[in-house]
Every structure is written in structure tokens, then in C-alpha cells.
Amino acid sequence: MSSGSVIHWFRKGLRLHDNPALVAALKPVNGEILRLKPVYVLDPWFVKHAKVGPNRWRFLLQSLEDLDSSLKKLGSRLYVVRGSPVETFESLFHRWDVKRITWEVDTEPYAKERDAKVEKLASDKKVEVVTCTSHTLYNPEQVIAKNKGATPLTYQKMLSLLAAIGPPPKAVESPEELAKEAKASKNDLEKTKYDLPTLEELGVKEADLEPCLFPGGESEGLIRLADKISMQNASWVRSFEKPSTSPNSLSPSTTVLSPHLKFGCVSARLMYWKLEEVYRGAKHSQPPVSLHGQLLWREFFYTVGSNTPNFDKMEGNSICRQIPWGEDKERLDAWAEGRTGFPYIDAIMTQLRKEGWIHHLARHSVACFLTRGDLWQSWEKGQHVFEELLLDADWSLNAANWMWLSASAFFHQYFRCYSPIVFGKKTDKDGAYIRKYLPIFKKFPAKYIYEPWEAPLAVQKAAGCIIGTDYPRPIVNHAVASKENMGKMKAAYDAAKAGAGEAPPTKRKQSEDKEPKTKKQKKMDSFFKAEN
């Protein structure tokens, strides 16, 4: 029997189902089945320097624990190796006599650079490399090629390209068993040097963690997928329209599958085709607002992000409006720490810090507030805070959404602004959400809870919350700040148009009480012809 082995390198894609690169690792090499070595590389530099908050570290560790448990049921295990990827594999290629290495394609800049180095190392060491696309529905390069080498910059253009390409591939099955030759040796199964990290090793104090509302891992992800997207839940799935869901409900009004998609605990392709099963033969909502539409937004932002240099920055980013944002650390910190004096905004940021997840319209509200709405701070600063605190922090989606909400790219109706007072009242007029995350307002009258500074002092005293003492005064006057900021946005837009030789836009009426709307999308009833 050969002593050689095959490595499958887990990075994202922390699952056994729909993992074509893992399946490729199990195929014979020169007619021989070799021992499978499923590897996760924990880079100490990344642990020390990455913007990863305690909630996301916990979610990752839970996902690795679940993956290790699933592999052990097959007679293998997860080998967690500490070190930089290149140095790690240089050692392992030799020590394990590696003949092939497989991994799932990652389109982020850091990942591309890292993978190119490992691929060169493998080539030098005569190790075969197999990579597969499975984190996204489509290979972004395929979409760009379909567009004659140009990156699609509108959602509608993206949909037309995908309609021309056809439906995404179906998810591949999980391996049900391993050949005897592929299983781990008894010695390897007992080795502690490859054990999972602890929260302490990841720099997390367990005592500081809030209760876990959204556990990580493939098993949990598949349970959530089955619960949310099923024939039993068909009415909700078919009628789902993202803008109609509530940003301040006391329990999530959406699927909360985003953290599982971010880490690849659940396959986007599996989710897509599960939705297709529920949709088939029935009337249902359409992109951009449907659940299929949400997966296609993800696909769109991944495609643009993969082919746009400096996508997560303003400078050097060809699609990003250049806006002279302010730099005020006190304002940024007050926003990030939930101390703005606007209860709706502060409740959202408190939920984010405690739980690691907030509704997409809540993200819209706080992003608009930080940037063009009220505080005039750079979207990059907000992006960094979300990168740390969100369970589902995803490089492409995070950057794209911050550019969108700051009207820097994708969305340009800067005169539409989320009010930090009016918007939350639409779905929670009594302020139950605010009371949940800001208990200081437990006894505050609903009449004043969105603008407590307007409450008479006697009311504040009776409620046990004195504004300016027990809770901050508003950091800005919203009516004044938002108007000033619209003037600054108009100036930035006019300057860009003047530089491009275009006429400046005519002035539009300000609208504060509604969600900013995109252009009406055409009906997508026949977007894809479903496979029978």
C-alpha cells in the first residue's frame, strides 16, 4: 500500500455536502486511493491581526468542531495546523508524502495571493493541485467572460448574464463513506498536536461572551435551512420580500443563514435548489426581493469584488465615488459603541455587538447614519466595525453594502435618507426593540422613546432616565446634519460630473420616512428555466 496522501484544505467551505474539491481529493491518484488529510491552517498572525470579534471566533470554532465530528464518523479527522499556509504546506508535503492538494476557490484578494503562493509551492514539489468553485453559485470569471471581459456593474445586467448562462450546478452529495485506504490511522486519530484550538488560543474570554443565539457548523446550518426553506414553510418562502421584513422585530424576520453561507457551512447551491423546489409550480416573489434574489445579490457583489482592485477602499477604486468624508474619532466611537443619543441607532449597534447579527434594514439605518445621513464619516470606518462584529462579515458583501448605503457606488439617490427617528417607528411604534437592547428605556413612554430628548424633565425623571446624565444627548441635530450632508453629497457628485464633463443633477425633494428605493426591476418569472 502507498504511503502517500492527499490534502483537502478547508478554509471557507466548512462542510461535507456540496464540496466538489473534497470529492476530488477522494479520487485515485495514478490508480491508487491515498490517505485523506483534511487540513485547516490556523495562522497565528491572522489570529493576532484580523478584525474578528469574539462572536465570530466562537462561530468558527463551533463550525470546526462540527466538521471534525463529521469527519470522525467517516473514519478521518480534521488536522488543525498552526503556521502560515506556505510554510505549513512546505513541511506537510514532505512529511506526509503528498501527491495532490485540493481546495475551494476563494476570490478575495488576500486569498488569491495566498493561493497563488501555495500553488507555486505545489508545482515546485510536484504536487497536483485541484480547485473547484462551490462558495458561489457561479465562477465569477465565467460571468465576466460572458460579459466580454467586463465586470457587470448593475444587478439587472448581472441577472441578464446569469439568464444567458443558465441555472447554477446542483449541489454534489456528501461522501457517505471513505475507502479503507483513505481513513486516518489509529495513531493519527489519537494525536493531540492537530487538535482544534480553544477559545483562549483565539484570544476570546469565554466569560465575556453573550449567550449563543446562532450556533455555527454544518449540522446547525442544515437544520436552519430545513426549518426555513421547506414545503411546510412554503407560504412564507414564496411570499418573502426582503424590504417587507422587520428590522426591529424581537426575533429575526429573515432566515439568518448568512453566517452559514459566509463560512460555507451551508452551500449556496443547495439553498438555491431547495428554494427552486418550493417555488416550482406556484406563484412566488421575484428577484431582487425574493430569497433567490438575495442569493443573486450575493453573487453580484462577489463578481464585482473579484474583479475590482481596491474594492474595499475609496481611493483607487474605479467604481467608488470620491467623497471628502470627515475624520472624527469621537463620532465614530460613539456610533460603534451605541452612544449616539438616538435610541434606534444605539439599540441596533448594541444588538450587533452582543449577538453578531442585525437585520439588513437595521444595517442600512446605521450605515446611512454614520456616513451621508448624519455623522459624515467614511464608509471604510464603518466597514471595519462590521468586519469585526458581524458573524456573517464577508469581504465582498461588506464593502459593496457600505458603498451602496453611503451612495458611493451602486446606489446614487443620496437625497433619500433613513431617519433615525421615523424609520424604526414603522415596524415598532412602541419601541419594544429599543427597550430590549437599551433597558434604561424600560419605563420610558412610547411617545418619546425614539426622541427621548423631547420628553419633559418630569417624564424623564419618572422613567428613571435623564437625558444627558443616564443616556447621551443626540450627537447631532438630525434635521440640520442631514440637510448639510445632502449639500456635501451634491457637491461631491457635481464635482465628479464636472470632471467627467457631465451636467449636474437637478435638485430632488428630500425623503426621510421610507426605505431608499432602487429602480423598478422587471419581472423575472422566467429568469431561469428550472430543471425537471
Side-chain angles (χ1 to χ4, degrees), residues 53 55 209-214 224 228 236 240-259 334-370 373-375 382 385-386 389-392 401 405 417-455 459-460 462-467 470-476 478 512-516:
N55 284 320
L209 286 166
E210 298 282 335
C212 182
L213 301 183
F214 311 112
R224 181 169 284 274
K228 295 295 182 182
W236 181 82
F240 182 94
E241 293 188 347
K242 194 75 172 272
S244 300
T245 56
S246 173
N248 45 7
S249 54
L250 298 187
S251 59
S253 59
T254 54
T255 65
V256 198
L257 282 165
S258 53
W335 172 83
E337 294 164 13
R339 298 185 285 102
T340 68
F342 289 88
Y344 177 58
I345 299 298
D346 293 344
I348 293 169
M349 295 305 291
T350 301
Q351 182 190 13
L352 173 59
R353 193 167 288 278
K354 281 176 172 287
E355 299 175 6
W357 183 89
I358 49 177
H359 186 278
H360 97 285
L361 290 179
R363 302 180 196 207
H364 286 202
S365 296
V366 295
C368 181
F369 184 87
L370 179 68
D374 292 80
L375 301 187
V385 173
F386 273 25
L389 299 179
L390 279 171
L391 289 174
D392 59 22
N401 280 309
L405 270 303
C417 177
Y418 288 90
S419 167
I421 300 163
V422 177
F423 190 69
K425 289 181 181 179
K426 295 200 312 175
T427 46
D428 180 26
K429 65 180 182 180
D430 293 329
Y433 175 82
I434 289 171
R435 296 179 215 281
K436 177 178 179 179
Y437 291 102
L438 303 178
I440 191 73
F441 288 109
K442 188 176 182 181
K443 298 178 181 177
F444 223 83
K447 179 180 177 182
Y448 298 110
I449 198 164
Y450 282 89
E451 38 193 338
W453 59 91
E454 295 289 354
V459 171
Q460 295 180 32
C465 177
I466 308 297
I467 303 307
D470 302 308
Y471 180 75
R473 296 186 187 280
I475 194 168
V476 292
H478 170 67
E512 284 206 339
D513 61 339
K514 294 182 179 178
E515 180 198 358

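Everything numeric in this text was worked out from a predicted model, so none of it was measured.
Residues Arg224 and Thr255 form no side-chain contact, since every pair of their non-hydrogen atoms from C-beta on lies 4.5 Å or further apart. Taking 4.5 Å as the limit, some side-chain heavy atom of Pro247 sits within range of a side-chain heavy atom of Phe423. With a 4.5 Å cut-off on side-chain heavy atoms, Pro452 and Pro343 count as touching. Taking 4.5 Å as the limit, every side-chain heavy atom of Ile475 sits out of range of all side-chain heavy atoms of Trp335. The shortest side-chain heavy-atom distance between Lys447 and Val459 does not fall under the 4.5 Å cut-off.
Nearest approach of Pro445 to Arg435, heavy atoms of both residues: C-NH2, 4.3 Å.
We find the CD1-CD1 distance between Ile440 and Ile434 to be 13.5 Å, quoted to the nearest 0.5 Å. Trp357 CH2 to Thr254 OG1: the interatomic distance, rounded to the nearest 0.5 Å, is 3.5 Å. Rounding to the nearest 0.5 Å gives a distance of 5.5 Å between OG1 of Thr245 and CG of Leu361.
Between Phe342 and Phe369, the ring-plane angle classifies as perpendicular under the 30° and 60° cut-offs.
Ionic pairing of Arg363 and Asp392 is present here: one or more N-O contacts between side-chain nitrogen and carboxylate oxygen are shorter than 4.0 angstrom.
Tyr437 and Glu355 share a donor-acceptor pair across their side chains, judged by distance under 3.5 Å alone.
Atom NZ of Lys425 sits in a crowded spot, with more than 12 heavy atoms from other residues, nucleotides or ligands closer than 6.0 Å.
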